[in-house]
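Beneath this line is the structure, given in structure tokens, with notes to follow.
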Amino acid sequence: MALRRFNSRLLYKYVLSYAVILLLPVMMVGFFVYQYFIQLLEEEVTRSNLNLLSQVKENVDTKMTELHNIAFHISGNPRLTPYQVTKNPFTELDTISQLRNYVSANTFISNFLLYFHGHNKVYSPYSTYDAAGFTDKIYRFEEWDPEQFQRDINAAFLPYVRASENVRTATGGLERYISYIMPIGPNQSDSFGTVVYLINENRFKELIKKKFEETRGNTLILDEKGELITSSRLMDPGEADLLLSQLHADGRERSTLNFEGRTYFVFQDKSDKFGWTYMTLVDKDTVMQKVEDAKNHTFYALLLLLLIGSILIFFATHMNYKPIRMLKRLADSKVSTPPGSKLGEIESIRSALDVMSENNEELNRRIEGSRPALQYYLILNLLKGAYQCKGDLQGKGELPGIHLESRYFTVMVILFAKNHGILSLAGLPDEWREAFPPHTEIFGIEGLETEQLILVMGTDETVEAMEEHLMSMHEYLSRMLGTDITIGVGNSYTQIGELGKSYIEACGALNYRLIKGKGNLILFREAVSGSEMNRYAYSKSQWNQLKEYIYQSDIPGIEAFLRQLTDRIRQEQLPLFMVKCICFDLINVILAILEEMELDEVTQAERYPDVVRLTEFETVDELIDLVKEISADIRHILNARKESGNREPMEKMKAYIETHYGSTQFSVQNLAEELGMSASYISRYFKEQTGVTISHYVNRLRMEKAKELLKDGEGSLQAVVDQIGYGSVSGFIRKFKEQEGMTPGDYRSMKNKYL
């Protein structure tokens with residue numbers, strides 16, 4: 001049984017494909033490492049050493065430039081002229097002081113001497129010495145005897161350096177020094193003295209070792225003649241001469257050098273300023289050992305990768321094939337595949353999909369047959385105001401194919417001549433849509449009266465901006481159908497919840513045909529002017545006033561508002577369609593309030609007429625009776641609320657506050673949005689019910705929580721502030737002290753003392 005699970009050609013294809021997928025990148029990585037990565041590593045070693053060598057060169061050049069600057073300043077110092085220095089013993093003391101100023105901040109120089117040609121003294125920052133005995137008593141150079149020293153400092157007309165050599169100091173210690181001799185004077189041919197810098201060789205080695213920490217190899221500094229000045233590793237004279245002779249054997253720069261049985265990489269850099277050459281010899285075996293290690297590590301890593309990959313291939317193949325095997329069994333059961341069938345997995349699934357596709361096509365045919373009914377139902381609900389915003393419509397329009405994503409929404413009612421036979425959009429010529437601007441959304445149903453079509457349009461322009469397009473469409477339909485067509489168009493609105501009002505306006509515009517005549521396109525603004533509309537219509541602020549009365553259970557205010565509404569309808573003799581629009585707004589206000597307050601009486605409002613039934617009212621008296629009926633319902637609901645002492649809004653407010661008071665984002669506005677009420681109403685309501693404001697109640701909760709945290713916890717004040725929702729620590733301390741008479745720190749100390 002276990003073997004049968006692997007008896008599949010598809011399974012073997014999986015194993016083979018995974019193996020190939022694993023093998024290809026492994027081979028590519030191996031090739032890349034051995035052919036390219038290793039070369040990059042060698043180049044990186046070269047760049048790294050040259051960069052370090054360049055840094056050594058720059059550091060030494062900087063130090064040597066400082067020496068030149070000191071010599072230059074000495075030559076221009078009027079207190080260090082031969083005449084001034086040798087004038088008397090006091091000027092010699094001043095000379096020592098002057099020289100000490102030059103070296104006080106320079107740790108690179110061990111000592112330096114000032115000598116004037118023809119004199120028998122040398123001056124240093126520490127004392128004066130006899131020129132003839134300086135190298136015999138103070139600094140005893142192994143290869144620089146007093147006579148040669150005196151000749152050199154008298155005959156120096158160009159800067160030059162003496163290579164590192166052993167020097168026995170006055171204290172008896174043996175050290176190695178590098179001497180740098182520089183003439184001073186107006187120019188090189190007219191120098192009047194010499195400056196001799198004595199630099200401990202360790203200073204140069206420190207500059208080198210800061211950059212190079214190699215275990216094998218050497219770094220050399222050569223003068224402009226190619227002679228050795230110093231090296232990081234001490235060499236005897238014979239060894240140094242042999243090395244230099246091999247380096248300069250053929251007169252060209254070398255990249256490698258065989259010396260004393262070892263092979264070295266040679267890297268050179270020359271100073272443009274002083275002509276010195278900086279050279280480092282890196283043991284090739286040491287460098288290539290890193291390369292070899294990288295090769296070995298890569299090889300072992302690839303082997304490990306292959307091993308782990310093989311294990312993962314086994315488990316991945318098994319896990320990936322398991323759902324396919326289960327899917328094949330399901331497919332076989334759906335198409336009634338007989339046992340023992342030799343169909344592969346793909347063939348079995350394809351067969352099942354074919355059967356499902358046939359069933360799906362049949363289902364689609366049935367859905368297409370019901371699409372007109374779904375469109376009729378959805379558009380009718382849009383006109384009745386069942387959807388207040390685009391979000392309410394989301395998902396519901398997918399099946400009937402209705403999408404309203406435009407900026408403006410308008411209703412248009414088309415009236416055909418009797419017995420013309422056009423009952424839906426399908427009966428209109430296809431080209432009629434071309435009269436509208438691009439991207440216009442148009443959906444329609446047959447009207448509630450015969451010979452009518454109701455169109456719901458979504459556009460990016462208002463009716464006024466589209467008037468020419470509407471006129472062209474009207475003319476085109478009239479010409480193509482060969483009959484008079486009357487079209488009533490309502491105003492444009494930005495909310496789909498106001499499509500019902502646009503429908504009432506379209507019906508009112510259509511009725512205006514009794515005056516303007518049949519066969520015309522009639523906009524609502526032709527039936528009533530803008531000034532009349534503003535005078536007749538109720539503004540949003542007026543309807544909000546009614547909402548406030550209802551939220552506050554102000555029955556006298558509600559009755560006065562509705563009485564004023566009915567009196568206005570009677571006294572000003574408002575047009576019938578205008579009264580219908582007012583009743584439509586009134587009904588929507590009541591329904592919205594009942595839903596926001598989650599009252600059980602919502603079902604009672606279902607007997608209120610919707611927009612379609614409103615259009616059937618033929619007298620103003622019928623509509624006034626409807627207003628009175630709504631007024632009685634509101635009064636009944638509010639009285640019932642007062643008698644039962646409904647505290648549910650207060651309980652919801654307190655529950656929300658106690659949950660969110662610790663957030664810095666808490667606000668009365670957020671509370672109002674959560675409960676679906678206005679901020680001003682809930683502020684007044686909370687004060688009436690509790691006797692305190694919302695902010696006072698929230699602050700009390702925060703302070704109680706703060707005292708708990710201060711008493712029980714060891715957290716910082718910032719942590720306390722973060723947990724209770726205060727914006728800043730300073731504000732919290734000020735408020736706490738104002739309320740408790742002490743700072744939070746004093747409160748915590750007091751509580752901890754008595755616990």
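When side chains are defined from C-beta on, Val161 counts as touching Trp276, because their heavy atoms get closer than 4.5 Å. With contacts defined as side-chain heavy-atom distances shorter than 4.5 Å, the pair Glu704/Lys707 qualifies. The shortest distance between side-chain heavy atoms of Leu281 and Leu220 falls below 4.5 Å. When side chains are defined from C-beta on, Tyr726 does not count as touching Leu717, because their heavy atoms never get closer than 4.5 Å.
In this structure Tyr697 satisfies the side-chain hydrogen bond (donor to acceptor under 3.5 Å, both in side chains) test together with Glu658, sequence neighbours excluded. In this structure Ala163 satisfies the side chain to side chain contact (heavy atoms under 4.5 Å, CB included) test with no other residue, sequence neighbours excluded. Residues forming a side chain to side chain contact (heavy atoms under 4.5 Å, CB included) with Glu175 (at least two apart in sequence, or on another chain): Tyr177, Asn200.
At least one donor-acceptor pair closer than 3.5 Å links the side chain of Arg176 to the backbone N or O of Ser164. Distance alone, capped at 3.5 Å, is enough to place a donor-acceptor pair between the Arg702 side chain and the Tyr661 backbone. Of the possible polar contacts, one joining the Asn59 side chain to the Gln55 backbone as a donor-acceptor pair under 3.5 Å is found. For Glu441 (side chain) and Glu405 (main-chain N/O), a donor-acceptor pair under 3.5 Å exists by modelled atom type. Between the side chain of Ser54 and the backbone N or O of Leu50 there is no donor-acceptor pair closer than 3.5 Å. Remark: the backbone N or O of Ser232 is paired with a side-chain donor or acceptor of Asn218 at under 3.5 angstrom. The backbone N or O of Arg233 sits less than 3.5 Å from a side-chain atom of Ser231, completing a donor-acceptor pair.
Between Tyr656 and His660, the ring planes lie parallel to each other; the angle is under 30°, not in the 30° to 60° tilted range. Ring geometry for Phe736 versus Tyr747: interplanar angle over 60°, hence perpendicular rather than tilted (30 to 60°).
Checked for salt-bridge contact, Asp269 and Lys57 meet the test: a charged N lies under 4.0 Å from a carboxylate O.
Nearest heavy atom pair, residue Leu53 against residue Phe267, reads CD2-O, 3.3 Å. For the pair Val266 and Met279, the tightest heavy-atom approach, listed with the atom from each and the gap, is CG1-CG, 4.0 Å. Of all heavy-atom pairs spanning Gly458 and Phe409, the tightest one is CA-CD2, 4.1 Å. Between Asn166 and Leu174, the shortest heavy-atom distance links the atoms CB-CD1, 3.9 Å. Contact record, Phe666 with Ile657: CZ-CG1, 3.9 Å, taken as the closest heavy-atom pair. Scanning both residues, Tyr197 and Leu67, for their nearest heavy atoms gives OH-O, 2.6 Å.
The neighbour count for Lys205 NZ, taken as heavy atoms of other residues, nucleotides or ligands under 6.0 Å away, is above 12. Within 6.0 Å of atom CZ in Arg407, 12 or fewer heavy atoms from other residues, nucleotides or ligands are found, so the atom counts as exposed in its surroundings.
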Decide side-chain contact (heavy atoms from CB on, under 4.5 Å) for Phe108 and Ile199; before the verdict, give the C-alpha distance in whole Å, the side-chain angles of both, and the deciding distance to 0.1 Å.
CA-CA 7 Å; Phe108 186 68; Ile199 306 168; 3.6 Å; yes
Verdict with supporting geometry, Glu673 and Asn670, side-chain contact (heavy atoms from CB on, under 4.5 Å)
CA-CA 5 Å; Glu673 292 177 358; Asn670 291 341; 4.2 Å; yes
Worked verdict on Leu52 versus Val56 for side-chain contact (heavy atoms from CB on, under 4.5 Å):
CA-CA 6 Å; Leu52 294 175; Val56 171; 5.7 Å; no
Under the criterion side-chain contact (heavy atoms from CB on, under 4.5 Å), I'd like the reasoning laid out for Lys652 against Glu674: C-alpha separation, chi angles, the key distance, then a yes or no.
CA-CA 10 Å; Lys652 288 185 176 181; Glu674 176 70 18; over 6 Å; no
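No hydrogens or angles considered: nothing links the side chains of Thr280 and Asn49 as a donor-acceptor pair under 3.5 Å. Using a 3.5 Å distance cut-off with no hydrogens or angles, the side chains of Asn202 and Glu206 do not pair a donor with an acceptor.
Atom CD of Glu66 sits about 10.5 Å away from atom CE of Met64, to the nearest 0.5 Å. Rounding to the nearest 0.5 Å places CD1 of Ile724 at 11.5 Å from CD of Glu708. Going from atom CD1 of Ile442 over to atom CG of Leu404 covers 11.5 Å, rounded to the nearest 0.5 Å. The CD atom of Glu58 sits 7.0 Å away from the OG1 atom of Thr62 when rounded to the nearest 0.5 Å. Of the inter-residue distances, the one linking Ile229 atom CD1 with Phe204 atom CZ reads 7.0 Å to the nearest 0.5 angstrom. If you take CD1 on Ile109 and NZ on Lys63, they are separated by 9.5 Å, rounding to the nearest 0.5 Å.
With ring centers used as reference points, Tyr180 lies under 6.0 Å from His68.
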